[in-house]
There are 2 protein chains.
Amino acid sequence: MDENKLFDQLIAFTAAVHQVKHEMTQGIKPEGITPVQYSMLEYIAVSQPVTLSQISDCQQMSMPNTSREIKKLCDKQLCEKYDDPSDRRKQYVRLSGEGERVMQEAFGHIGARFLTRLQDASEKDLQEIVHAMDVLHSLVFYTDK
Amino acid sequence: MDENKLFDQLIAFTAAVHQVKHEMTQGIKPEGITPVQYSMLEYIAVSQPVTLSQISDCQQMSMPNTSREIKKLCDKQLCEKYDDPSDRRKQYVRLSGEGERVMQEAFGHIGARFLTRLQDASEKDLQEIVHAMDVLHSLVFYTDK
DNA sequence: GGATTTTGTTATCAAATGATAAGTAAATGG
DNA sequence: CCATTTACTTATCATTTGATAACAAAATCC
């Protein structure tokens with residue numbers, strides 16, 4: 001296996017994913033939410049409940065900034081903090097009802113846009129796509145530490 | 001095919017790619033280059049030569065901001081503008097020698113990090129990965145218009 | 001050939017983001 | 001039980017980024 005070729009492909013691939021995702025999420029961001037806040041909401045939606053430290057780690061932002069942005073999101077009633085009863089230093093964050101609604105809508109828009117992208121794909125293509133994502137997710141783009 | 005399940009998987013997958021790429025590029029950014037500038041350099045490196053308008057479109061930033069950031073990169077001697085002889089409104093941008101060097105180094109670091117991720121992968125895994133990227137790149141994450 | 005469109009520039013402003021210092025409270029670890 | 005570490009907060013500041021207006025020059029379009 002030619003490693004250089006693989007790396008070039010990986011770089012081109014991640015760039016393409018990045019760009020397509022950017023296009024997908026253009027214009028769907030709920031009113032009054034900044035890009036960083038949207039990305040935090042997405043992470044919370046997928047991984048909730050999470051602690052502030054986890055958000056800080058995974059989104060690679062400092063704790064003070066994480067705290068500030070989560071506070072804004074809580075002020076906007078899109079998520080809620082609650083204490084970990086077994087360790088009172090920790091605070092978990094989860095989406096509020098409104099937050100769930102907002103993210104469902106956002107994901108719905110993204111889904112619709114993917115659908116137009118996939119409209120020419122056959123059933124067999126779709127199964128290949130699912131399999132391809134499984135492969136890459138487990139072998140390359142895993143996020144455990 | 002259950003579409004909702006596919007969309008959920010797509011969202012989780014793009015989020016994972018995004019996060020891993022973020023990790024990969026942590027700390028490798030050349031001195032004195034901002035995230036947006038790095039992302040422009042990456043695009044130029046892969047697609048050069050490109051016009052300012054193309055950068056503006058693909059990176060989804062306004063022309064004034066594109067112009068400003070490219071100017072900064074030219075001031076830093078990382079890229080160069082030159083005229084399109086057939087249309088004197090247009091300006092092409094390409095990496096300078098130093099820019100090529102800097103990006104080669106950055107890509108090298110990313111490659112090394114991918115290598116540690118892939119160290120447990122068998123030859124068969126690698127071939128599956130290549131195929132999976134081909135499938136997704138062509139069927140889902142294509143970027144032509 | 002004059003209006004319009006395309007391509008890019010400069011200037012300016014506001015908002016978002018990142019970084020740092022200093023502090024609190026709870027848990028952990030000799 | 002006292003020192004240290006962990007989890008988070010508040011405040012502040014500089015930088016980056018995004019947005020807009022106003023402009024110029026070349027190409028295109030009737």
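Lettering follows sequence order; numbering is per chain, from 1.
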A.B. asks: Starting the side chain at C-beta, find the nucleotide from dT10(C), dT9(D), dT17(D) nearest to Gln91(A).
C.D. replies: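 Output: dT9(D).
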A.B. asks: What closest approach, in Å, do Ala16(B) and Phe141(A) show between heavy atoms, and which atom pair accounts for it?
C.D. replies: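 Smallest heavy-atom distance, with atoms named: CB-O, 3.5 Å.
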A.B. asks: Kindly determine whether Gln59(A) and Ser39(A) satisfy side chain to side chain donor-acceptor pair (under 3.5 Å), including the steps that lead there.
C.D. replies: CA-CA 8 Å; Gln59(A) 304 286 96; Ser39(A) 137; 2.5 Å; yes
A.B. asks: Would you mind reporting whether Ile28(B) and Arg113(B) have side-chain heavy atoms less than 4.5 Å apart?
C.D. replies: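 With C-beta onward as the side chain, the pair touches.
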A.B. asks: Please work out which residues in residues 42-55 of chain B have a non-hydrogen atom less than 4.0 Å from an atom of DNA chain D and list them by number.
C.D. replies: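 Going residue by residue through residues 42-55 of chain B, none turns out to have a heavy atom under 4.0 Å of DNA chain D.
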A.B. asks: Round to a whole Å and report the spacing from CE of Met63(B) to C1' of dA22(D).
C.D. replies: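 One finds 15 Å between C1' of dA22(D) and CE of Met63(B), rounded.
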A.B. asks: Taking all non-hydrogen atoms of both residues into account, name the closest pair between Thr66(B) and Leu52(B) and its distance.
C.D. replies: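 Of all heavy-atom pairs spanning Thr66(B) and Leu52(B), the closest is CG2-O, 3.8 Å.
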A.B. asks: Could you tell me if the side chain of Arg117(B) sits less than 4.5 Å from the side chain of Tyr142(A), heavy atoms only?
C.D. replies: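 A side-chain contact under 4.5 Å exists here.
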A.B. asks: From CD of Gln59(A) over to P of dA16(C), roughly how many Å is that when rounded to an integer?
C.D. replies: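 Value for this atom pair: 17 Å.
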A.B. asks: Let me have a per-nucleotide readout for nucleotides 19-26 of chain C, 5' to 3', with B, S or -, counting only protein heavy atoms under 4.0 Å.
C.D. replies: BBB----B
A.B. asks: Can a salt bridge be assigned to the pair Glu42(A) and Lys29(A) using a cut-off of 4.0 Å between side-chain N and carboxylate O?
C.D. replies: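 No.
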A.B. asks: In this structure, how many angstroms lie between the P atom of dG18(D) and the CE atom of Met40(B), rounded?
C.D. replies: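 These atoms are roughly 10 Å apart.
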A.B. asks: Please list, by residue number, the residues of residues 69-86 of chain A whose heavy atoms come closer than 4.0 Å to an atom of DNA chain C; answer none if no residue qualifies.
C.D. replies: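 Nucleic-acid contacts, sorted: none.
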A.B. asks: If you measure only the distance, is there a donor-acceptor pair under 3.5 Å linking the side chains of Gln37(B) and Glu69(B)?
C.D. replies: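 Yes - a donor-acceptor pair under 3.5 Å links their side chains.
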A.B. asks: Do you know the tightest heavy-atom contact between Ser62(A) and Ser56(A)?
C.D. replies: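 Reported closest heavy-atom pair: C-OG, 3.9 Å.
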A.B. asks: Search all heavy atoms of Gln9(A) against all heavy atoms of Val130(B) and return the closest pair with its distance.
C.D. replies: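 Looking at all heavy atoms of both residues, the shortest contact is NE2-O, 3.3 Å.
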A.B. asks: Would you say the side chain of Leu6(B) lies within less than 4.5 Å of the side chain of Met133(A), judging by non-hydrogen atoms?
C.D. replies: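 Yes; the side chains approach each other to less than 4.5 Å.
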A.B. asks: Measure the distance from CE on Met61(A) to P on dT15(D) and round it to the nearest whole Å.
C.D. replies: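 After rounding, the gap between these two atoms is 20 Å.
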A.B. asks: Without hydrogens or angle criteria, can the side chains of Glu100(A) and Gln48(A) be said to hold a donor-acceptor pair below 3.5 Å?
C.D. replies: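 The criterion, which ignores hydrogens and geometry beyond distance, is satisfied for Gln48(A) and Glu100(A).
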A.B. asks: Given dT17(C), is OP1 or OP2 found less than 4.0 Å from the side-chain N or O atoms of Thr34(A)?
C.D. replies: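 Looking at the OP1 and OP2 atoms of dT17(C), one of them is under 4.0 Å from a side-chain N or O of Thr34(A).
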